[in-house]
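Here's the structure we're looking at; comments come further down.
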Protein chains: 2
Amino acid sequence: MSQTDLREHVVKTADRLYYARGIQSVGMDDLRAEAGVPLKRLYSMFPSKNAIVLEVLQRRHRIWTDGVSARVATVTSPRDKLLAVYDYLADWFADDSFRGCGFINAFAEMGAVTPEVAQLAREHKESFQRFVSDLVAQAGAPADLAPQLAILAEGAQTTAAISGTTEAAGQARRAAEVLIDAAAR
Amino acid sequence: MSQTDLREHVVKTADRLYYARGIQSVGMDDLRAEAGVPLKRLYSMFPSKNAIVLEVLQRRHRIWTDGVSARVATVTSPRDKLLAVYDYLADWFADDSFRGCGFINAFAEMGAVTPEVAQLAREHKESFQRFVSDLVAQAGAPADLAPQLAILAEGAQTTAAISGTTEAAGQARRAAEVLIDAAAR
DNA sequence: CGGCTGCGAGAACGTTCGTTCTCGCTGAGT
DNA sequence: ACTCAGCGAGAACGAACGTTCTCGCAGCCG
């Protein structure tokens, strides 16, 4: 296993554990055991647990962005592209491991105490807002629509996380349809 | 200071610290220092930190419920009552100490590890859903509208928390207007 | 005035955690 | 075969935390 593959393996494992249990509940020894990588090696690859956390969040941002972009790319009309975001959420919510937005979770846990985490969460959400804004612009809809659609997506994520059900995706999607159609006229 | 007043003082102080810094970042000694109550007394009033956390969440639920109910009661038309929810959010977001929904934060931090916290978060959100559902029913709007409005409120809270701005309340309010008016016809 | 009860201050304890250190093995180079 | 650098396993360390214990003082009852 190459150096970069191992690094990816560690970050991926850390992401799974942090997301499932919360960052603070996962010790370096848990990560060592789960990843099968000696503690010494972990510390030769990363200077601290905090560095791992930040890399986990950056990776999670890439995967989310790629995933939603790919989903949006499967349809052609601007309206369908906007709605595809909620279909992506629906699939995500149905995943057994779903436990809300990892950035909101990380922000809640460490945002007040670790500024880098708060910063990454902010960047992630800004990136999503820009993504939606671009789609809204492509649809020729007024710019006001974008933050409304983003808020629906955010709300669906926390609602699904806490309720443990997947309905919020469909509910947000139907609300989005109404908002898009109302903005179009 | 009476026994019950002291208990309230401790829970209120704990709430302020937990909300501002995150529950896990606040030790019993921090709480002792901030509340000015000896550790021994804390442990004579509460069996454990966890018990304090649960009581903090229950109190927070009461205050939130009372606050939003009071705000809704200041207007008369069913439509205004629904929109008053977002005005309440706007005021809350403008508070310097605002740092998102305490239940979402607690859930993110401890939900996976402390089932009672997950349970209280679920109950809080269900209670809010019922509250909105009642208002929707009073407005004579279709029941589908309620979860959509609730999702907007949830999304506004996390968006405001992470962005650090208050705009999300107004954006959610305007989206709600569109949804309500679309449902009314 | 003397003894007893209750409480405040803070030390102490046991555990957990992030991080570092020790030690012994392995395996490549000569 | 010998050496030595590098690595894995796990012990060790220092700090932080939740919880309990000790001790000494204050205040009340006799």
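First the proteins, then the strands, lettered A, B, ... as listed; each starts at 1.
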**Residue from R16(B), K49(B), R21(B) passing salt bridge (charged side-chain N to carboxylate O under 4.0 Å, His left out) with D30(B)** =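 In the set R16(B), K49(B), R21(B), the residue that makes a salt bridge (charged side-chain N to carboxylate O under 4.0 Å, His left out) with D30(B) is R21(B).
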Can you hop from [X] to [Y] via hydrophobic side chains spaced under 4.5 Å?
| X | Y | value |
| --- | --- | --- |
| F103(B) | V85(B) | no |
| V75(B) | V132(B) | no |
| V136(B) | Y86(B) | yes |
| V68(A) | L57(A) | no |

**Request:** State plainly whether the residues D15(A) and R60(A) are in salt-bridge range, i.e. N to O under 4.0 Å.
**Result:** yes
**Request:** Salt-bridge test for E177(A) and R173(A): reply yes if a basic N is under 4.0 Å from a carboxylate O, no otherwise.
**Result:**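 Here E177(A) pairs with R173(A) in a salt bridge, since their nearest N and O are under 4.0 Å apart.
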Protein-nucleotides 18-23 of chain C N/O pairs closer than 3.5 Å?
{"unit_1": "dG18(C)", "atom_1": "OP1", "unit_2": "K49(A)", "atom_2": "NZ", "d": "2.6"}
{"unit_1": "dG18(C)", "atom_1": "OP2", "unit_2": "M28(A)", "atom_2": "N", "d": "2.7"}
{"unit_1": "dT19(C)", "atom_1": "OP2", "unit_2": "Y43(A)", "atom_2": "OH", "d": "2.7"}
{"unit_1": "dT19(C)", "atom_1": "OP2", "unit_2": "K49(A)", "atom_2": "N", "d": "2.9"}
{"unit_1": "dT19(C)", "atom_1": "O5'", "unit_2": "Y43(A)", "atom_2": "OH", "d": "3.3"}

Rounded distance (Å) that lies between atom [atom2] of [N] and atom [atom1] of [X]:
| X | N | atom1 | atom2 | answer |
| --- | --- | --- | --- | --- |
| D30(B) | dG18(D) | CG | C1' | 12 Å |
| R32(B) | dA16(D) | CZ | P | 15 Å |
| R41(B) | dT19(D) | CZ | C1' | 18 Å |
| I52(B) | dC17(D) | CD1 | P | 15 Å |
| L31(B) | dG10(C) | CG | C1' | 16 Å |

**Prompt:** How far does the helix from dC1(C)-dG30(D) to dT30(C)-dA1(D) bend, going by the axes of its first and last five pairs, to the nearest 10°?
**Reply:**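 The helix from dC1(C)-dG30(D) to dT30(C)-dA1(D) shows an end-to-end axis angle of 30°.
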**Prompt:** Do Y88(A) and W64(A) have ring centres separated by under 6.0 Å?
**Reply:** yes
